[in-house]
Amino acid sequence: MTAEEFEEFYAHAVRRLTGQLYVMLGDLHEAQDVVQEAFVKGWSRRGKLAADGAPEAWIRTVAWRLAARRRQVRRRTEQAWQRYGGAPPVSAPDPGSVVLVQALKDLSPQQRRTVTLHYVCDLSVERIARETGLSTGTVKTHLSRGRAALAGRLGDLHAQETHGA
């Protein structure tokens, strides 16, 4: 099976196979994941898939086996947690953190990265410049503009949160 034939096979079969695995597993996201992983495995043996004459059956079988393996891993993990007293309790995120993350989403990706590196990771401007490949002037500009945008946005979010809007 050539690369083009495999791509055509994928385009015609992926939805059908995902639907079939969804019915088998009862979990759409799991079905999507295992079908995609099975196609990745199929790509490397696409020459043999055509010779087998049943590439769709092969993908479906591999996806099913992947799902079964994942269930075994989850079951073992759950058993281990039970043996050792369960998973540690996870507290809800701090409301301030939620507000900050929401505000950071409004920044450009580069500003968000720069602001996070400076204020969360506590890196200097020079260290951020080295890590990101930006000039120190550009880092300072991102920090300045990011702070200005966050000041307004955090004020708006805080007001909404305290007034219940």
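Bear in mind the structure is a predicted one, so any value in this text is a computation, not a measurement. Below, each value reflects all heavy atoms present in this structure, side chains not excepted, and no hydrogens, waters or symmetry copies.
Scanning both residues, L49 and F6, for their nearest heavy atoms gives CD1-CE1, 3.9 Å. Nearest heavy-atom pair, A38 versus A63, reported as atom, atom and distance to 0.1 Å: CB-N, 3.8 Å. Nearest approach of V115 to G146, heavy atoms of both residues: CG2-CA, 4.1 Å.
Of the possible donor and acceptor atoms, one in the side chain of T132 sits under 3.5 Å from a partner among the backbone N and O of I128. Without hydrogens or angle criteria, R46 side chain to W43 main chain gives a donor-acceptor distance under 3.5 Å. Between the side chain of E7 and the backbone N or O of E4 there is no donor-acceptor pair closer than 3.5 Å. Without hydrogens or angle criteria, T138 side chain to L134 main chain gives no donor-acceptor distance under 3.5 Å. In terms of modelled atom types and a separation under 3.5 Å, the side chain of H118 and the main chain of T114 share no donor-acceptor contact.
Grouping the Ile, Leu, Val, Met, Phe, Trp and Tyr side chains by contacts below 4.5 angstrom, directly or via other members, places L66 apart from Y22.
Considering CD of E56 and OG1 of T61, their distance stands at 10.5 Å, rounded to 0.5 Å. Atom-to-atom distance recorded for Q32:CD and L17:CG is 13.0 Å, nearest 0.5 angstrom. From S108, atom OG reaches atom CZ of R113 across 11.5 Å, with rounding to the nearest 0.5 Å. To the nearest 0.5 Å, atom CG of residue L150 and atom CZ of residue R112 are 10.5 Å apart. Remark: K48 NZ to W58 CH2 distance equals 10.0 Å, nearest 0.5 Å.
More than 12 heavy atoms of other residues, nucleotides or ligands sit less than 6.0 Å from atom CZ of R74. Counted within 6.0 Å of CZ on R147, heavy atoms from surrounding residues, nucleotides or ligands total more than 12; the atom is thus considered enclosed.
At least one test fails for R75 against the ring of W81: distance under 6.0 Å to the centre or angle within 45° of the axis.
No hydrogens or angles considered: a donor-acceptor pair under 3.5 Å links the side chains of Y10 and Q36. No side-chain donor-acceptor contact under 3.5 Å links R145 and Q111.
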Worked check of side-chain hydrogen bond (donor to acceptor under 3.5 Å, both in side chains) between S144 and T141: CA-CA 5 Å; S144 175; T141 299; over 6 Å; no
Worked verdict on L143 versus Y119 for side-chain contact (heavy atoms from CB on, under 4.5 Å): CA-CA 10 Å; L143 287 173; Y119 292 104; 4.1 Å; yes
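Applying the salt bridge (Lys or Arg N to Asp or Glu O under 4.0 Å) test between E30 and each of R69, R70, R71 identifies R70 as the sole match.
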